[in-house]
Number of protein chains: 2
Amino acid sequence: MATTNNIANTGSGPIVPEVVIQRLPRYVRVLTQFADSGEKVISSEQLGTRLQMTPAQIRKDLSYFGRFGKQGRGYDIAMLEGQLRTILGLDRTWNAAVVGMGRLGRAVVSYPGFAPEGFNILAAFDASDDIVGQTISGLQVRSISELKTSVQNLDIKIGIVTVPIEHAQEVIDALVDAGIRSILNYAPLSPQVPKGVTVRGIDPVLSLQSMTYYIR
Amino acid sequence: MATTNNIANTGSGPIVPEVVIQRLPRYVRVLTQFADSGEKVISSEQLGTRLQMTPAQIRKDLSYFGRFGKQGRGYDIAMLEGQLRTILGLDRTWNAAVVGMGRLGRAVVSYPGFAPEGFNILAAFDASDDIVGQTISGLQVRSISELKTSVQNLDIKIGIVTVPIEHAQEVIDALVDAGIRSILNYAPLSPQVPKGVTVRGIDPVLSLQSMTYYIR
DNA sequence: TGGTGTGAAACATTTCACAGCT
DNA sequence: AGCTGTGAAATGTTTCACACCA
């Protein structure tokens, strides 16, 4: 969905296309799987087979960040995984807050897939007095009026939006106002955000609606 | 995530880039919103503002399919929405099956956003004897061994995969074997599928992992 | 006047192909 | 011998800019 910019400036390094950044986590995932199965070295060809992409594209993508391989051998799996995790900022944990504790928000806070990857949901917010104060999956639901202070006190860097569409834009505005620059948006809407804020949308209906084109 | 092909052949018409197809549902969504608020006509400029894209891109995208606008006026909202829905195959309903009735599968079958868009989940499958036979959100859970016959009997065209990662590839293989060509995959894996099968992945962790790059 | 439709230009991304390293 | 890293070519996508039309 909407992203600020399609180019990533590494600060001092080269300019990296956004689409390359989005592929990096998939490389990390495959490398982790290979490492778990005891492999030590992997070629761009093997990586490409697993990810259904060309070896050349993988080599080119990696070349934006350094020279990680050894000619004639391939890449050291553990080393490459570590490098990519560092590049992506996955060598640390990140605190997140979920806004909207209806059905979807509850599913998100109880999803066991975030914590093992270093994404810790530390706070849950809702606008409804009926829900504020409840404890859900170990989180005491807070009022949205506390958003800004909580984000600061808990060092929250990621906002996860699970409110109904009619409140999504205002919640996103509030997250941005609270200093959040990374938002995972489950509401079926293309939000407006200022430059410098990244939003990724999770929207299964949109995915279905483009697939039907190919089977109609 | 993995898609078969990045080009769409409309049959007799021109070749349409895959990326254009993926934008069409977003146009439909905005058009629906404008129509609901009583508007009759919309310009590519207005559409572009809402979707954070350039008017030229919208006009170019639409031009792959026909000449829908009127110079000096813009697009008739209801007409354009209808045309795009027809192009995408959204002028009918689609039957879907969910495979994997754990936490995630239950969330998916009880998600109220699919049916209003014409996606009807008609069957639920699981491998576990403890779950088969249970009724969840009005669906009697079936054994995976019945997958192929149910897909045929119920005219199911879309498979939704919500099994744990270790069974995802085999479930996808079974769906393909049952004749399914459109798969919505919630498992954190890049599946292997034959040409002609489209898979879209829903993977919030991957989304988070690429956003951290920009805030690290 | 105002906004579409569209070739052509600009730009971005992928693929090729091969020198060079281990 | 085998596989990386990478300029250059090929391909794909977006933007420009303007003729044309209601």
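Labels below follow one simple rule: chain letters A, B, ... track the order of the sequence lines, proteins then strands, and each chain is numbered from 1. No hydrogens, no waters, no symmetry mates; every other heavy atom, side chains included, goes into these values.
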Worksheet item: Is it true that A:Asp203 and B:Arg29 make a salt bridge, defined as a side-chain N closer than 4.0 Å to a carboxylate O?
Response: yes
Item to complete: Name all pairs fulfilling the salt bridge (Lys or Arg N to Asp or Glu O under 4.0 Å) condition that reach into residues 53-65 of chain B, sequence neighbours left out, sorted by first residue then second.
Response: B:Arg23-B:Asp61
Worksheet entry | salt bridge (Lys or Arg N to Asp or Glu O under 4.0 Å) partners of residues 148-162 of chain A, not counting sequence neighbours, each pair once | A:Lys148-A:Asp177, A:Asp155-A:Lys157
For nucleotides 4-8 of chain C, list the nitrogen or oxygen atoms of the protein found under 3.5 Å from its nitrogen or oxygen atoms, one pair per line.
residue: C:dT4; atom: OP1; partner: B:Ser44; partner atom: N; Å: 2.7
residue: C:dT4; atom: OP2; partner: B:Ser44; partner atom: OG; Å: 2.8
residue: C:dG5; atom: OP1; partner: B:Phe68; partner atom: N; Å: 2.9
residue: C:dG5; atom: OP1; partner: B:Gly69; partner atom: N; Å: 2.7
residue: C:dG5; atom: OP2; partner: B:Tyr75; partner atom: OH; Å: 2.8
residue: C:dG5; atom: N7; partner: B:Arg59; partner atom: NE; Å: 2.8
residue: C:dG5; atom: O6; partner: B:Arg59; partner atom: NH2; Å: 2.9
residue: C:dG7; atom: N7; partner: B:Lys60; partner atom: NZ; Å: 3.3

Fill in: Check against side-chain contact (heavy atoms from CB on, under 4.5 Å), A:Arg26 and B:Leu206
CA-CA 7 Å; A:Arg26 309 214 282 127; B:Leu206 235 37; 3.9 Å; yes
Worksheet item: Picking from D:dT14, D:dT13, C:dT13, which would you name as closest to the side chain of B:Pro17?
Response: D:dT13
Would you mind writing out the side-chain donor-acceptor pairs for residues 69-77 of chain A within the sub-3.5 Å range, not counting sequence neighbours?
residue: A:Asp76; atom: OD1; partner: A:Ala78; partner atom: N; Å: 3.3
residue: A:Asp76; atom: OD1; partner: A:Met79; partner atom: N; Å: 2.8

In whole angstroms, how far is the [atom2] atom of [N] from the [atom1] atom of [X]?
X       : N      : atom1 : atom2 : answer
A:Met53 : C:dC16 : CE    : C1'   : 16 Å
A:Phe65 : D:dT4  : CZ    : P     : 18 Å
B:Arg23 : D:dG12 : CZ    : P     : 15 Å
A:Ile58 : D:dT4  : CD1   : P     : 9 Å
B:Gln57 : C:dC11 : CD    : P     : 16 Å
A:Ile21 : C:dT13 : CD1   : P     : 11 Å
B:Lys40 : D:dA22 : NZ    : P     : 23 Å
B:Ile15 : D:dT11 : CD1   : P     : 13 Å

Worksheet item: Taking it one step at a time, do A:Gln192 and B:Gln52 satisfy side-chain hydrogen bond (donor to acceptor under 3.5 Å, both in side chains)?
Response: CA-CA 7 Å; A:Gln192 316 276 147; B:Gln52 313 235 96; 3.1 Å; yes
Name the atoms and distances for all side-chain donor-acceptor pairs under 3.5 Å in residues 107-116 of chain B, with sequence neighbours left out.
residue: B:Ser110; atom: OG; partner: B:Arg106; partner atom: O; Å: 2.9
residue: B:Ser110; atom: OG; partner: B:Ala107; partner atom: O; Å: 3.3

Practice prompt. May I ask you to decide if A:Ser43's main-chain N or O and A:Gln46's side chain share a donor-acceptor pair within less than 3.5 Å?
Written response: yes
Fill in: Sub-4.0 Å heavy-atom contacts from residues 81-88 of chain A onto DNA chain D, ordered by number
none
Worksheet item: Do the non-hydrogen side-chain atoms of B:Leu208 and B:Met211 ever get within less than 4.5 Å of each other?
Response: yes
